[in-house]
Amino acid sequence: MNAGRAVLVAVGCAVLAALFANHVFAVPVGWAVVLGLPVAAIALPAALLSGAADANWEPVPGPADIAGELQASMLAARLAEAAEDQRRFVTRLQPRLRRLALAVLRTRPGAADLTTVDDPRARAALGPELHRVLTDKDARLPEPRRLAELLARLETP
């Protein structure tokens, strides 16, 4: 509850207490107002804190995967660096992408014996553009959307 509404509730409670004291117990108006002040003093914090005790029905969040978040942020940083620096792409990112592609290709039937992405079977499975990105020393990192499309080829047998 916001502060303005809480003050209105507290003043309303004080007025009701004063009216009750005046009419039921025939307390003079001045004393009835004085008796209403403690009621307002109790009603104001009660009204301000009324939402704090509400039940929270949202599901409990899962445990944080710190290692996964760290790896994702490191990958994002490496991709950003590789997009700007071709040498960094060739020396840092390209070998990792090659190992990833080779590991995925080895899981396919009949390809467990692949040793390099230069194998004709790997070249055929990767396609010419992805193969060039993974093996060419002059290759540059494609745009993120295009790289995602190329790497999606690894997911489909």
Side-chain angles (χ1 to χ4, degrees), residues 1-18 36-157:
M1 181 177 299
N2 63 17
R5 186 172 285 171
V7 168
L8 285 176
V9 168
V11 168
C13 288
V15 168
L16 286 175
L37 290 177
V39 173
I42 293 171
L44 181 62
L48 286 172
L49 298 175
S50 65
D54 287 347
N56 185 1
W57 297 107
E58 295 177 15
V60 175
D65 184 16
I66 301 301
E69 292 174 10
L70 178 62
Q71 288 176 358
S73 67
M74 288 174 57
L75 177 62
R78 285 198 173 129
L79 286 172
E81 292 169 352
E84 297 173 5
D85 185 4
Q86 193 266 342
R87 183 179 124 329
R88 189 168 289 216
F89 170 69
V90 170
T91 59
R92 286 189 175 181
L93 197 59
Q94 200 177 43
R96 288 182 172 95
L97 289 174
R98 256 195 315 268
R99 283 194 305 266
L100 172 72
L102 192 58
V104 170
L105 290 175
R106 285 180 182 157
T107 63
R108 294 183 180 176
D113 61 335
L114 284 176
T115 57
T116 178
V117 290
D118 288 325
D119 187 290
R121 293 174 294 166
R123 188 182 299 230
L126 295 173
E129 188 177 359
L130 180 56
H131 184 266
R132 186 187 64 73
V133 167
L134 296 177
T135 58
D136 189 4
K137 295 295 181 196
D138 295 325
R140 296 195 66 81
L141 182 66
E143 293 293 319
R145 190 175 305 245
R146 184 64 188 144
L147 181 63
E149 290 171 2
L150 291 173
L151 293 177
R153 285 189 66 129
L154 292 174
E155 295 176 1
T156 56

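Just so you know, these numbers use all the heavy atoms, side chains as well, and skip hydrogens, waters and symmetry mates.
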Supply the atom-to-atom distance [X] [atom1] to [Y] [atom2], rounded to the nearest 0.5 angstrom.
X    : Y    : atom1 : atom2 : value
R123 : L105 : CZ    : CG    : 13.0 Å
L134 : D118 : CG    : CG    : 10.0 Å
L130 : L147 : CG    : CG    : 8.5 Å
T115 : D113 : OG1   : CG    : 8.0 Å
T91  : D85  : OG1   : CG    : 7.5 Å

- Task: Can you run down the side chain to side chain donor-acceptor pair (under 3.5 Å) pairs that involve residues 137-151, sequence neighbours left out, and say none if there aren't any?
- Result: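 Every side chain to side chain donor-acceptor pair (under 3.5 Å) pair that includes a residue of residues 137-151, provided the two are not neighbours, is E129-R146, R146-E149.
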Any [X] side-chain heavy atom under 4.5 Å of [Y] side chain:
X    : Y    : result
Q94  : L141 : no
L93  : R88  : no
V133 : L126 : no

Looking at [X] and [Y], what are the two nearest heavy atoms and their distance?
X    : Y    : value
A14  : A40  : CB-CB, 3.7 Å
A139 : Q86  : O-NE2, 2.9 Å
A101 : V117 : CB-CG1, 4.5 Å
F89  : P95  : O-CD, 4.4 Å

- Item | D119: side chain to side chain donor-acceptor pair (under 3.5 Å) partners, not counting sequence neighbours | R121
Donor-acceptor pairs are to be reported for all side-chain atoms of residues 5-13 against protein atoms at under 3.5 Å, with residues two or more places apart or in another chain.
none

- Report yes or no: does R106 contribute a side-chain atom to a donor-acceptor pair with the main-chain N or O of L114 at less than 3.5 Å? yes
- Message: For the backbone of R92 and the side chain of R96, can you confirm whether one donor and one acceptor N or O come within less than 3.5 Å of each other?
- Response: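 Pair found, side chain donor or acceptor close to backbone of R92.
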